[in-house]
Amino acid sequence: RAAEVTFSSGQIDTLRNLAGRKAGDDVGWVKIARARELTDLGLAARSRSGWRITIAGEAALGRAGGTIRAACATLPFRPLDLSTTP
C-alpha cells in the first residue's frame with residue numbers, strides 16, 4: 001500500500017491551476033517551488049512549454065476533492081501601479 005500524502009492548500013491550488021491549463025482555461029502563473037514539489041511527487045512535469053499536470057496529478061486532485069475543470073479559476077495579475085512609473 002502506498003503512503004498517503006497530505007497536500008497543502010497551495011499544492012491543491014497549483015494542481016487546480018495546472019488542470020485548468022490542460023483543459024484550455026486561462027490560468028495565471030504557478031509558484032515554481034510548489035510545482036517542483038508536485039514534480040518530485042510525480043504529480044506534475046516540466047516541459048519546454050511550462051508545467052503540466054500528470055495523470056497521477058489528476059487522480060490526486062480528484063481524491064483531494066478538487067475539480068479538474070474549475071470555472072473562473074484564473075489567478076489575477078497584480079495591477080500595474082502607474083503612480084511610481086517614471
Side-chain angles (χ1 to χ4, degrees):
R1 178 174 152 110
E4 294 197 19
V5 177
T6 302
F7 300 108
S8 69
S9 61
Q11 289 172 323
I12 295 293
D13 289 343
T14 301
L15 283 173
R16 282 189 185 120
N17 186 305
L18 295 175
R21 180 175 183 220
K22 182 177 180 179
D25 294 338
D26 291 326
V27 296
W29 299 96
V30 297
K31 292 192 176 195
I32 294 172
R34 288 189 186 142
R36 285 185 178 168
E37 291 169 359
L38 296 173
T39 299
D40 290 344
L41 295 170
L43 306 177
R46 175 85 168 122
S47 68
R48 288 183 164 203
S49 62
W51 299 98
R52 63 178 178 80
I53 193 167
T54 62
I55 293 170
E58 291 176 343
L61 181 59
R63 284 192 304 273
T67 56
I68 297 300
R69 185 177 181 120
C72 302
T74 302
L75 300 176
F77 293 102
R78 233 181 290 167
L80 181 63
D81 184 3
L82 297 175
S83 65
T84 60
T85 305

Among all residues two or more places apart in sequence or in another chain, which pass the side chain to side chain contact (heavy atoms under 4.5 Å, CB included) test with Ser47? Ser49
What residues form a side chain to side chain contact (heavy atoms under 4.5 Å, CB included) with Arg52, not counting sequence neighbours? Ala45, Thr54
Strictly distance-based, threshold 3.5 Å: is any side-chain N or O of Arg21 a donor or acceptor partner for the main-chain N or O of Trp51? yes
Run the side-chain contact (heavy atoms from CB on, under 4.5 Å) test on Glu37 and Asp40 for me, step by step, so that the C-alpha distance in whole Å, both residues' side-chain angles and the decisive distance to 0.1 Å come before the verdict. CA-CA 5 Å; Glu37 291 169 359; Asp40 290 344; 5.6 Å; no
Run through Ile53, Leu15, Leu43 and flag the one making a side chain to side chain contact (heavy atoms under 4.5 Å, CB included) with Glu58. Ile53
To the nearest 0.5 Å, what is the distance between [atom1] on [X] and [atom2] on [Y]?
X: Thr14; Y: Arg36; atom1: OG1; atom2: CZ; result: 13.5 Å
X: Ser9; Y: Arg16; atom1: OG; atom2: CZ; result: 9.5 Å
X: Ile32; Y: Thr39; atom1: CD1; atom2: OG1; result: 11.0 Å
X: Asp13; Y: Leu18; atom1: CG; atom2: CG; result: 11.0 Å

List in chain and number order the residues that pass salt bridge (charged side-chain N to carboxylate O under 4.0 Å, His left out) with Lys31, two or more places apart in sequence or in another chain; answer none if no residue qualifies. none
Which heavy-atom pair separates [X] from [Y] by the least distance, and what is that distance?
X: Ala44; Y: Ala35; result: CB-O, 4.3 Å
X: Gly28; Y: Asn17; result: O-ND2, 3.4 Å
X: Gly42; Y: Ala56; result: O-CB, 3.7 Å

